[in-house]
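See structure below.
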Amino acid sequence: MGTALNPAKRLLFKTVSSVLQSPLLYQNLAKEVHFMTDCIFCKIIAGDIPAAKVYEDEAVLAFLDISQVTPGHTLVVPKQHFRNLLDMDGSSSSQLFERVPQIARKVMKVTDAAGMNIINNNEEIAGQTVFHTHVHLVPRYDENDDLKLTFVAHEPDFSELSRLAAEISQAID
């Protein structure tokens, strides 16, 4: 390896390599210690990959997205690894979303944006490309910027809406 590991990671890797031979067990162990060895956001959180950080505390890291869909495009990520929001528990998601408005306001103030899209994609079909929970803060400047979202409105079927609402409310624990 070209990069030196910090002592905690060195101990973890030594333990894992000497005790565990199964990749599945290794992945489960990594999840238990709240990082994934192949996750780019975990590597950024660990300091193994540089990032343009805009906010950091014990639970959350926010940094500028390298794609910069619009200037100031920021990602807010929990330091604990979760595949996406659907895998998060209430406490962890509360910690993440408690910080989103504060960071979004600062991004808007500094960039002088006219508005902000706050986006979270869950699973590939929804546009998730990095499988570590993250929230996009995308400043908006005018209707000609590079973010394009389209919603197609449909005529409401009120009986179907009632049926679906009842089914969803019964499924919520």
Verdict with supporting geometry, Val76 and Tyr55, side-chain contact (heavy atoms from CB on, under 4.5 Å): CA-CA 9 Å; Val76 184; Tyr55 176 87; over 6 Å; no
Closest heavy-atom pair, Ile45 versus Pro78, reported as atoms and distance to 0.1 Å, is CD1-O, 3.5 Å
Q. Are there more than 12 heavy atoms of other residues, nucleotides or ligands under 6.0 Å from atom CD1 of Ile66?
A. no
Rounded to the nearest 0.5 Å, the CG atom of Leu161 sits from the OG atom of Ser159 at a distance of 8.0 Å
(Q) Could you tell me if the side chain of Val135 sits less than 4.5 Å from the side chain of Leu96, heavy atoms only? (A) yes
d(Phe131 CZ, His81 NE2) to nearest 0.5 Å is 10.0 Å
For residues 103-123, the salt bridge (Lys or Arg N to Asp or Glu O under 4.0 Å) pairs (sequence neighbours left out) are Arg83-Glu123
With clusters defined by side-chain heavy atoms of hydrophobic residues (ILVMFWY) lying less than 4.5 Å apart, directly or transitively, does Val77 cluster with Val100? no
Between His132 and Gln80, the two heavy atoms sitting closest are NE2-O, 3.7 Å
Handout entry: Exam field: side chain Ser169 to backbone Ala166, donor-acceptor pair closer than 3.5 Å
Key = yes
Shortest non-hydrogen pair, Pro139 vs Pro71, comes out as CG-O, 3.4 Å
In short, salt bridge (Lys or Arg N to Asp or Glu O under 4.0 Å) pairs touching residues 145-168 with sequence neighbours left out are Arg140-Asp145, Glu160-Arg163, Arg163-Glu167
Partner of Gln128 under side-chain hydrogen bond (donor to acceptor under 3.5 Å, both in side chains), picked from Asn122, Asn121, Asn84, is Asn84
Using a 4.5 Å side-chain heavy-atom cut-off and chaining through intermediate ILVMFWY residues, the residues clustered with Val138 come out as Val69, Ile119, Leu147, Leu149
Practice problem: Check whether any side-chain heavy atom of Lys79 lies under 4.5 Å from a side-chain heavy atom of Glu56, and answer yes or no. | Solution: yes
Of all heavy-atom pairs linking Thr74 and Ala62, the shortest is CG2-CB, 4.1 Å
task: State, yes or no, whether a side-chain contact exists between Val54 and Phe63 at a heavy-atom distance under 4.5 Å.
output: no
- Query: So Asn120 and His136, side-chain contact (heavy atoms from CB on, under 4.5 Å) or not? Walk me through it.
  - Reply: CA-CA 6 Å; Asn120 172 255; His136 293 262; over 6 Å; no
Taken to the nearest 0.5 Å, the spacing of Arg99 CZ from Gln102 CD works out to 8.5 Å
How about Ser93 and Phe82: do any of their side-chain heavy atoms sit closer than 4.5 Å?
no
Residues Thr111 and Gly72: closest non-hydrogen pair is CG2-CA, 4.0 Å
Let me see the working for Leu61 and Lys53 under side-chain contact (heavy atoms from CB on, under 4.5 Å), right down to the final yes or no.
CA-CA 7 Å; Leu61 175 64; Lys53 297 178 184 181; 3.7 Å; yes
Take His73 and Leu75 through the side-chain contact (heavy atoms from CB on, under 4.5 Å) test and state the conclusion after the steps. CA-CA 7 Å; His73 178 184; Leu75 300 177; 4.1 Å; yes
Plane angle bin for Phe41 and His134 - parallel if under 30°, tilted between 30 and 60°, otherwise perpendicular: perpendicular
